[in-house]
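Residue indices begin at 1 and follow the sequence shown. No experiment lies behind these values; they were computed from the predicted model shown.
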Amino acid sequence: VAIAAVAGIMKQLKRPHKKVPVSSIPEPDEVCVGDRPDNQWLLYDSTRLPHSQQDWEDCHFVEKTHWGYYSWPQKLMVYAPPKDQPKQGLTRDEMNEREQIVYDHFSDPAFIDKLIKFLSLEDRKGKDKFSPRRFCLFKGLFRNFGDAFLPLLWPHMERLVVDTHESAQRCVAEIISGLIRGSKHWSYSKVEKLWAMLCPLLRRALSNITVETYADWGTCIATACESRDPRKLHWLFEMLMESPVNGEGGSFVDACRLYVLQGGLAQQEWRVPELLHRLLQYLEPKLTQVYKNVRERIGSVLTYIFMIDVNLPNTQPTLSPRISEFTERILVRLKPLLDGDEEIQNHVIEENGAGEQDERTQAIKLLKTVLKWLMTSAGRSFSSAVPQQLQLLPLLFKIAPVENDDSYDELKRDAKTCLSLMSQGLLYPEQISEVLRTLKKIAGSNSWHARHSVLTYLQIMVFYNLFTFMSNQKSVSDVRGLVMSLLEDEQLEVREMAATTLSGFLQCNFLMMDTAMQAHFEALCKTRLPKRRRRELGSVVDTIPSADLVRRHAGVLGLSFFLLPRRGAWGSS
């Protein structure tokens, strides 16, 4: 409570900073969302970063991330040049009485020693986490008093950053995030000096990261980058982009460095396309990682790299990386798996093997990372990348098992999960025909597992997009034709799943048991079978033609499952 109270006092003592309007920015004649000529000046561009006092003062920093992406405020206000702002680096005599009280306490080495000792104590074992209140305290101190307290705090920060204890790491993370946010209005010379000290400290912190503290460091960087112009933090971003997956410290530290980088970039959304392209170019050769934790983290990072690639009305094509281009490159590398008919097994050992591995093994490792990306993006992306994901469906249907058991591996489990998540995606009317063409093609494959999985995918896809499907009679007809064809499949399990699928569609009135369908099933039921002749002793040859038996069984299944929805109606009456 005391910390929150002092943080509140810091906010009350905050000196107002003057703002000035930006000269008129030409807006598009109609609604146009995304990257446009009029908002290009807000994007991170390494060739136009402020590297001098004059550049810093001439740059119009816009802290709010959402400004300019959809539209501009009626009057865009930015902070005035430093010469028009309240004086920085006030002496004690220039402060008011309230500021002097705070200044006297935080300038006392004995007080600082006791404070840091208290803040770095463990409170609740395993339950402590990054404290927003402590962050606000340090943010207020560095915002109101500049770097006045930094000389006293810095030795403690250097000591805490090499201490692997959870509470010590969390304490320094809270101080650093408050320091970065609190330096928002510092002069260029002070900011440049600050980052010259902070970057080596952060490198040391990330090399000492632990299982207990990686989430705190992710929160630290994400909090520091929230609502901040990326050009003002270019030292931080360039430092985090320095070979995050380099093997130093093992796979865990690699995954943590990516996590921290992801936290910073995610806050910037559409304003850092250059960094996203650079990161994607860096990660693509590393998609064949053998370590599961690194694969999962890369998959999560890929989700944020492609987050702005959305297919929505009145939206401009993004300058950030695009899923379609990435998928094309991935499909080329997955060709050994797409072309072969043999079963794909998760035979890649989770260790760094010596020497070069064959294309198929590399493709399997790549696929495992791609699956992590697809699973992560299914719940976080703003829209479904259906046209691109459809090209991966044949491979996923080929791998996914029909039944769950303890014996199938990570690859098959992820493929099954991926299909389930993808089938729940929102479809636009123009995408439905393309999806159905792909499913129809897979339904003609030699693998009965794939044909069975098509039906499961079809059920979920139709139910999640029911009204979109029902608004197009041709789509309904195509779904009906696909189910009816699989109802006569040679594999018993496929026929039974087709009957279950048909029953579900009938119950929700997506399909109707009309006269034509009923007559079709009755005709199948009447398929003539030759009389079973007496088999010779020891003979294993069945004299009944399999095709006729399948047709008759399909008719029986169709009529029997037709009764299921009526049972519910009769029971309710």
Side-chain angles (χ1 to χ4, degrees), residues 31 33-34 70 303 306-318 322-324 327 373-394 396-397 400 415-444 450-487 497-514 516-517 561-562 564-565 568:
V31 175
V33 183
Y70 180 83
T303 299
F306 298 114
M307 184 73 76
I308 306 301
D309 185 19
V310 294
N311 180 22
L312 296 173
N314 303 317
T315 303
Q316 285 282 90
T318 181
R322 300 180 186 178
I323 296 175
S324 57
T327 307
W373 163 53
L374 292 175
M375 288 189 293
T376 307
S377 61
R380 298 181 185 175
S381 297
F382 297 130
S383 62
S384 304
V386 175
Q388 294 79 37
Q389 292 178 347
L390 284 179
Q391 300 176 66
L392 294 168
L393 280 181
L396 301 185
F397 279 119
K416 191 176 182 69
T417 303
C418 222
L419 285 175
S420 176
L421 292 171
M422 290 170 64
S423 63
Q424 299 173 38
L426 173 69
L427 295 177
Y428 297 117
E430 63 271 15
Q431 296 171 337
I432 289 180
S433 59
E434 188 176 356
V435 177
L436 291 177
R437 278 197 303 270
T438 302
L439 294 181
K440 186 176 181 180
K441 182 178 179 181
I442 298 171
R451 301 196 300 272
H452 187 284
S453 299
V454 162
L455 289 162
T456 307
Y457 189 95
L458 187 66
Q459 290 176 23
I460 303 173
M461 180 183 69
V462 169
F463 291 145
Y464 270 82
N465 297 274
L466 185 62
F467 298 108
T468 308
F469 269 91
M470 294 184 72
S471 64
N472 187 330
Q473 194 55 44
K474 184 180 183 306
S475 299
V476 176
S477 178
D478 290 342
V479 171
R480 171 174 169 163
L482 181 56
V483 175
M484 297 290 282
S485 65
L486 290 174
L487 196 60
M497 178 55 71
T500 302
T501 304
L502 176 63
S503 174
F505 289 160
L506 291 172
Q507 290 187 55
C508 67
N509 287 329
F510 176 71
L511 297 179
M512 302 295 293
M513 180 65 81
D514 52 20
M517 183 183 291
F561 276 88
F562 162 61
L564 286 179

A.B. asks: I need the Asp478 CG to Gln473 CD distance, nearest 0.5 Å.
C.D. replies: 10.0 Å

A.B. asks: Would you check if Phe463 and Cys508 make a side-chain contact, meaning some heavy-atom pair closer than 4.5 Å?
C.D. replies: yes

A.B. asks: Check this for me: Tyr428, atom OH, are more than 12 non-hydrogen atoms of other residues, nucleotides or ligands nearer than 6.0 Å?
C.D. replies: yes

A.B. asks: Work out which heavy atom in Leu393 is nearest to a heavy atom in Met422; give both atom names and the distance.
C.D. replies: CD2-CE, 3.7 Å

A.B. asks: Looking only at the side chains, is there a donor atom on one of Glu434 and Thr438 sitting less than 3.5 Å from an acceptor on the other?
C.D. replies: no

A.B. asks: Drop me the distance from Arg437's CZ to Ile442's CD1, to the nearest 0.5 angstrom.
C.D. replies: 13.0 Å

A.B. asks: Please give me the minimum heavy-atom distance between Met307 and Arg380, naming the atom from each residue.
C.D. replies: SD-O, 3.3 Å

A.B. asks: For the atom pair CD (Gln459) and OG (Ser503), what is the distance rounded to the nearest 0.5 Å?
C.D. replies: 9.5 Å

A.B. asks: Evaluate the ring planes of Phe510 and Phe469, with Trp represented by its six-membered ring, and classify them as parallel (under 30°), tilted (30 to 60°) or perpendicular (over 60°).
C.D. replies: perpendicular

A.B. asks: As an exercise, state the distance from OG of Ser477 to CG of Leu511, rounded to the nearest 0.5 Å.
C.D. replies: 9.5 Å

A.B. asks: Ser377 and Thr303: which non-hydrogen atoms are nearest, and at how many Å?
C.D. replies: N-OG1, 3.4 Å

A.B. asks: Check whether any side-chain heavy atom of Leu458 sits under 4.5 Å from a side-chain heavy atom of Val479, and report yes or no.
C.D. replies: yes

A.B. asks: Would you give the length of the straight line joining atom CG of Leu427 to atom OG of Ser475, rounded to the nearest 0.5 angstrom?
C.D. replies: 10.0 Å

A.B. asks: Within this structure, what is the CG-SG distance for the pair Leu392 and Cys418, rounded to the nearest 0.5 Å?
C.D. replies: 8.5 Å

A.B. asks: Around atom CE of Met512, are there more than 12 heavy atoms of other residues, nucleotides or ligands at under 6.0 Å?
C.D. replies: no

A.B. asks: For the side chain of Ser423 and the backbone of Leu419, is there at least one donor-acceptor N/O pair under 3.5 Å apart?
C.D. replies: yes

A.B. asks: Kindly say whether Asn311 contributes a backbone atom to a donor-acceptor pair with the side chain of Thr315 at under 3.5 angstrom?
C.D. replies: no

A.B. asks: Compare every heavy atom of Ala400 with every heavy atom of Ser453, then report the nearest pair and how far apart it is.
C.D. replies: OG-O, 4.2 Å

A.B. asks: Could you go step by step and tell me if Val31 and Tyr70 meet the side chain to side chain contact (heavy atoms under 4.5 Å, CB included) rule?
C.D. replies: CA-CA 8 Å; Val31 175; Tyr70 180 83; 3.9 Å; yes

A.B. asks: Verify side chain to side chain contact (heavy atoms under 4.5 Å, CB included) between Leu482 and Leu455, making sure each step is shown before the conclusion.
C.D. replies: CA-CA 9 Å; Leu482 181 56; Leu455 289 162; 5.9 Å; no

